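Taking it in order: structure first as C-alpha cells, then the write-up.
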Amino acid sequence: MLKKTATIIAAFIAVITLASCGNGQVIYDRAEHARPAATGQSWTVLVYMCGGNEETAHGAASAKLESIMSVDYPENVNVVVQTGGSAKWNTKGVYNDYNQRFEAGYGTLYLADQAMSANMGDYRTLTDFLSWGVSNYKSDNYMLILSGAGGGSMDGMISDENFDGDSLNLEEISYAMSLAGQHFDIVCLDASLMGGIETAAALSTCSKYLVAPQSIQDSDTFDYAGVLQYVCDNPSSDTADICKAVCDLYYAGSEANGTAAETAMSVVDMSKVSTLNQAFDGMAGEMLVSTNQMSDYINMTNAVSSAHMYGGATEDEGYSNLIDLGDTAMKIHDYVGNTADAVVDALNDAVVYRVCGANQHDSTGLNMYYPISPDNDELQMYMDNGVSVNYKEFLRKICPSCSVEDTLSNTADYTSSWAWTSYNVAMEQLQYMTVLDANSYGLNVTGDMSVLKDVAVNVYKADDKSGEYVFLASHKDLEQNWEGGVFKDVFSRKLPRLISKCVTIRLVKDHGDYAVYSVPVILNGEKSCIRVRRDAQSGDYDIIGAWSGTDENGKVTSSLHPLGAFDRIAPLLAVYDEEHKKNDYATDPAGMKLRAGVSESNVPNGDYLFEFEITDIYGQKRHGTPVRAHISGENIMYE
C-alpha cells in the first residue's frame with residue numbers, strides 16, 4: 001500500500017559552481033549548450049537513480065553517471081537524471097543531502113533542479129520527478145529507467161540508505177506513473193530480479209514495453225552509454241527494436257564482466273499481459289484443485305520444486321522466492337493439463353525478445369512469486385496486490401507457517417485443505433528412529449513415506465578454535481530404501497573446500513547436469529556469498545562469482561561479480577545451538593588471496609557430529625538424534 005512520507009521540497013537552484021566528475025563534470029547552471037542537430041523523432045529519457053549501498057561502498061551509480069555522460073546527445077534526445085538515496089556519492093557535485101536533477105550532456109551533467117533530500121522509496125518522490133520531467137521535456141517518445149537495488153515482485157526495488165532502506169513496491173511504481181499522466185513507450189528496470197509476471201501486470205497500463213532482468217545482475221551490466229547512443233542513432237526506429245538493443249547490450253556487458261552464464265533479461269509487450277494473467281489464473285485454478293488430495297498435492301509440489309529458480313535460495317543468501325513462469329508451467333503440465341499450454345502460449349506471445357546465459361537456459365522470459373521459504377510479509381503483499389485469485393488461494397493452502405488475510409477473495413487457509421488434513425493424520429502416525437553401532441549410522445522410518453520429500457545427513461565438525469561444532473554440508477551419500485523407510489549413511493568423507501579450507505556449503509539448485517551451491521565468506525572485509533557450479537559428469541567445481549545475498553528487506557543491494565586474484569577471502573562457518581539457531585564466525589578475519597578454487601578432498605581427521613534431516617511435502621524440517629563420530633583416515637567410528 002502507498003506509504004506516507006515527506007514529499008520533495010520546492011526546488012533550490014545553485015549557480016555557477018563547477019566540480020570534477022571522473023572524466024566529466026557537474027555544472028550548476030542550466031544555460032543552453034551546443035548540441036548536434038536533431039536526427040529524427042524526439043525522445044525524453046528519465047532516469048530515476050537511487051544510489052543506495054552500491055554507490056556508497058563502490059561508486060556503482062557514479063559509474064553509471066559517467067556512462068551517461070559519454071554520449072553526445074542531439075537536440076531531439078533529452079536525458080534527465082534524478083539522483084538520491086545514497087549516504088555518499090562518489091561523483092563530486094552530487095550530494096547525498098539533496099535530490100538533484102541533471103540534464104545529461106557530452107562529458108557534463110547540467111543541474112536543472114534540486115531540493116533537500118526526499119525519500120526515493122516514496123511514490124510521491126517518483127511522481128514529482130516524472131511529472132516534472134514530462135512537463136519540462138516534451139517529446140514524441142518517453143523512456144523511463146528505474147535504477148537501484150531489486151528484490152523481485154514482492155520486495156520491489158530501490159533501497160534508500162537515507163530513509164532506513166525504504167523501497168518502492170509495484171503498486172507505488174504503478175501509481176506514480178499513472179499520476180504523471182504520461183504513457184511511457186519503454187520502462188527499463190535496472191535492478192535484479194524485477195522481470196516477473198507480477199511486475200508486468202502492475203505496469204501494463206503505464207507503458208508499451210517492459211525491459212527487465214529475471215536474474216541477479218552485475219552492477220554495471222546495464223549499458224547506459226550503449227542504450228542511449230542507440231536511441232540517438234535510431235530515434236525513429238520501432239520501439240521494440242530499441243528494447244531488443246537494450247537486451248543485446250546487456251548481454252554483451254555481462255560477457256565483458258564474465259557473468260554471461262547467469263544473465264536473463266526479456267522484453268515484454270504490455271498489451272499482451274492481460275491475456276497472460278487470465279491464462280495464469282486458469283492454471284492456478286488447477287493448481288488449487290491439487291490441494292484437495294494429498295497424492296495430487298505431492299505430485300504438484302514436487303513438480304514445482306523442480307522449476308528454474310532465481311535469486312537467493314539458502315539460509316545465508318536469504319530467499320528471493322522466485323521461479324520461472326514458463327518452466328513451471330511445463331513442469332506441472334501433467335497435473336494441470338491444457339491450462340499449462342495456455343500459459344506457455346500467452347507467455348510466448350507477451351515476451352517478444354529475451355537473452356539468457358548457459359546457467360539460465362530454462363529461463364522463459366518472466367519469473368513468478370513462489371514461497372520456497374514462506375515469509376508472512378511477502379505473502380500478505382501478494383494477497384494485497386496479486387492479480388490471480390486462484391493463485392492467492394493456492395498459496396494460502398500451501399503455507400502452514402503463515403497467517404495472512406485476503407479481503408477481496410475471502411479465501412480459506414491451509415487448514416481447509418484436504419491435503420493438509422491427510423498430511424496431519426500421516427505425520428501423527430509417522431515415527432523415525434536412529435540406528436547406530438560403531439561402524440554404521442542409519443535411520444528407520446515407519447508410516448506413510450509419501451509425506452516426506454527428502455532425507456539427507458548434516459555434517460558438523462568440532463572446531464579447534466571455538467570448541468563448538470560447525471556446519472559443513474548436507475550430503476546424500478545414502479543407501480536408501482524409500483518403500484521400507486530404511487536409510488543408511490555411507491559418507492564418502494569428501495566435501496568441498498575453498499582455498500584449501502573447510503567451508504559451510506549449501507545447495508542452491510540441482511539442475512541435473514549441474515548443481516549450484518553457495519558458500520558464505522568474508523570477502524575483502526565484507527560478508528558475502530560465493531556461488532559455485534559443480535558439473536555432474538566431471539565433478540569439477542567452477543566459481544561463478546560473489547554477491548552479498550538479500551538484505552533484511554529482501555533486496556539485492558549488491559550484484560553478482562567475478563572474483564580476482566587479489567580478493568581476500570575468509571570462509572564463514574555456521575555454528576548451531578540445540579534449537580538450530582545459527583551464528584557465523586570467520587576462520588581467518590584477515591582472509592587469504594584466491595590462489596585456489598573449490599575442490600573436493602577428504603575431510604580432516606577429528607571429531608564430528610552427524611544428524612539426519614527430514615524434509616516433508618510442506619517444506620518443514622525434522623531432525624533425527626545427532627550422533628558423535630571420530631574420523632581418522634578412511635575410518636569413521638560412531639559413538
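Just so we're clear, the structure is a prediction, and the values are computed from it rather than from any experiment.
- Centroid-to-centroid, the aromatic rings of Y391 and Y369 stay 6.0 Å apart or farther.
- Remark: M294 CE to S450 OG distance equals 4.0 Å, nearest 0.5 Å.
- Contact annotation: the side chain of V445 never approaches that of M433 to less than 4.5 Å [non-hydrogen atoms, C-beta and beyond].
- S167 places no side-chain N or O within 3.5 Å of a backbone atom of S159 that could act as its donor or acceptor partner.
- Atom OG in S266 sits 13.0 Å away from atom NZ in K244 (nearest 0.5 Å).
- The nearest pair of heavy atoms linking M283 to A340 is SD-CA, 4.0 Å.
- I323 has its side chain out of reach of N367: every pair of non-hydrogen atoms, C-beta onward, lies at least 4.5 Å apart.
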Inset, instruction - Applying side-chain hydrogen bond (donor to acceptor under 3.5 Å, both in side chains), run through N359 and H511 and close with a yes or a no. - result: CA-CA 9 Å; N359 292 347; H511 296 270; over 6 Å; no

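- Relative orientation of the Y517 and Y541 rings is tilted, given thresholds of 30° and 60° on the angle between their planes.
- At least one donor-acceptor pair closer than 3.5 Å links the side chain of Q214 to the backbone N or O of G365.
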Inset, instruction - Check the pair D324 / Y310 against side-chain hydrogen bond (donor to acceptor under 3.5 Å, both in side chains), numbers first and verdict last. - result: CA-CA 8 Å; D324 189 81; Y310 300 101; 2.6 Å; yes

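- In this structure, N277 contributes its side chain and S388 its backbone to no donor-acceptor pair below 3.5 Å.
- No donor-acceptor pair closer than 3.5 Å links the side chain of N444 to the backbone N or O of V435.
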Inset, instruction - Before giving the answer on salt bridge (Lys or Arg N to Asp or Glu O under 4.0 Å), spell out for D477 and K494 the whole-Å C-alpha distance, their side-chain angles and the decisive distance to 0.1 Å. - result: CA-CA 10 Å; D477 296 333; K494 291 185 180 296; over 6 Å; no

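- Atoms CE and OG1, on M154 and T199 in that order, are 7.5 Å from each other to the nearest 0.5 Å.
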Inset, instruction - List the steps and the verdict of salt bridge (Lys or Arg N to Asp or Glu O under 4.0 Å) for D316 and R506. - result: CA-CA 9 Å; D316 305 297; R506 304 182 199 274; 2.6 Å; yes

Legend entry - Chi angles and distances behind the side chain to side chain contact (heavy atoms under 4.5 Å, CB included) call for D542, V532: CA-CA 6 Å; D542 295 308; V532 179; over 6 Å; no

Legend entry - Worked check of side chain to side chain contact (heavy atoms under 4.5 Å, CB included) between V351 and V267: CA-CA 6 Å; V351 176; V267 179; over 6 Å; no

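- Counting heavy atoms from C-beta outward, V627 and E611 have side chains that stay 4.5 Å or more apart.
- In summary, K331 and D327 engage in a salt bridge, as defined by a charged side-chain N under 4.0 Å from a carboxylate O.
- Taken from CG in L395 to NZ in K392, the straight-line distance is 10.0 Å, to the nearest 0.5 Å.
- Put simply, the side chain of K488 reaches to within 4.5 Å of the side chain of S440, judged on heavy atoms.
- Side-chain atoms of E317 and T550, non-hydrogen and from C-beta on, never get closer than 4.5 Å to each other.
- Between F184 and Y209, the distance from one ring center to the other does not fall under 6.0 angstrom.
- Contact annotation: the side chain of Q620 never approaches that of T615 to less than 4.5 Å [non-hydrogen atoms, C-beta and beyond].
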Legend entry - Test log, rule ring pair (Phe, Tyr, Trp, His ring centres under 6.0 Å), inputs F491 and F610: CA-CA 10 Å; F491 181 42; F610 292 80; 5.7 Å; yes

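- The aromatic rings of Y297 and Y618 lie parallel to each other, with less than 30° between the two planes, well short of the 60° mark.
- None of Y441, W482, F612 except one satisfies the ring pair (Phe, Tyr, Trp, His ring centres under 6.0 Å) rule with F487; the exception is W482.
- At least one donor-acceptor pair closer than 3.5 Å links the side chain of N390 to the backbone N or O of D281.
- Taking the side chain as every heavy atom from C-beta outward, L322 and M309 never approach each other to under 4.5 Å.
- Taking all atoms of both residues into account, the shortest heavy-atom contact from T504 to P520 is O-CD, 3.0 Å.
- Closest heavy-atom contact between S290 and F394: OG-CE1, 4.1 Å.
- Aromatic ring centres of H308 and H361: separated by at least 6.0 Å.
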Inset, instruction - Decide side-chain hydrogen bond (donor to acceptor under 3.5 Å, both in side chains) for E378 and N321; before the verdict, give the C-alpha distance in whole Å, the side-chain angles of both, and the deciding distance to 0.1 Å. - result: CA-CA 9 Å; E378 283 188 351; N321 291 329; 2.9 Å; yes

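- N257 places a side-chain N or O within 3.5 Å of a backbone atom of G253 that can act as its donor or acceptor partner.
- For R497 against V603, the heavy-atom pair with the smallest separation is NH2-C, 3.8 Å.
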Inset, instruction - Go through the steps to decide whether E428 and N424 satisfy the test side-chain hydrogen bond (donor to acceptor under 3.5 Å, both in side chains), and finish with yes or no. - result: CA-CA 6 Å; E428 288 176 358; N424 258 339; 6.0 Å; no

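- In this structure, K208 contributes its side chain and T239 its backbone to no donor-acceptor pair below 3.5 Å.
- Distance check, rounded to the nearest 0.5 Å: NE2 of H623 to OG1 of T434 gives 12.0 Å.
- Under the 4.5 Å side-chain criterion, counting only non-hydrogen atoms from C-beta, L249 is not in contact with C247.
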Inset, instruction - Please report the C-alpha distance between V355 and D248 in whole Å, then the side-chain angles of each, then the deciding distance to 0.1 Å, and finally whether the side chain to side chain contact (heavy atoms under 4.5 Å, CB included) criterion is met. - result: CA-CA 7 Å; V355 294; D248 289 338; 3.9 Å; yes

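- Between the side chain of S215 and the backbone N or O of E262 there is at least one donor-acceptor pair closer than 3.5 Å.
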Legend entry - Pair V268-V273, side chain to side chain contact (heavy atoms under 4.5 Å, CB included): steps then yes or no: CA-CA 8 Å; V268 179; V273 172; 3.9 Å; yes

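- From D341, atom CG reaches atom NE2 of H333 across 3.5 Å, with rounding to the nearest 0.5 Å.
- In plain terms, the two heavy atoms of G311 and R531 that are nearest each other are O-NH2, 2.7 Å.
- Considering R622, K621, K453 in turn, R622 is the only one that fulfils the salt bridge (Lys or Arg N to Asp or Glu O under 4.0 Å) rule with D616.
- Looking only at distances, no side-chain donor or acceptor of S192 sits under 3.5 Å from a matching main-chain atom of G150.
- In this structure, D535 contributes its side chain and Y514 its backbone to no donor-acceptor pair below 3.5 Å.
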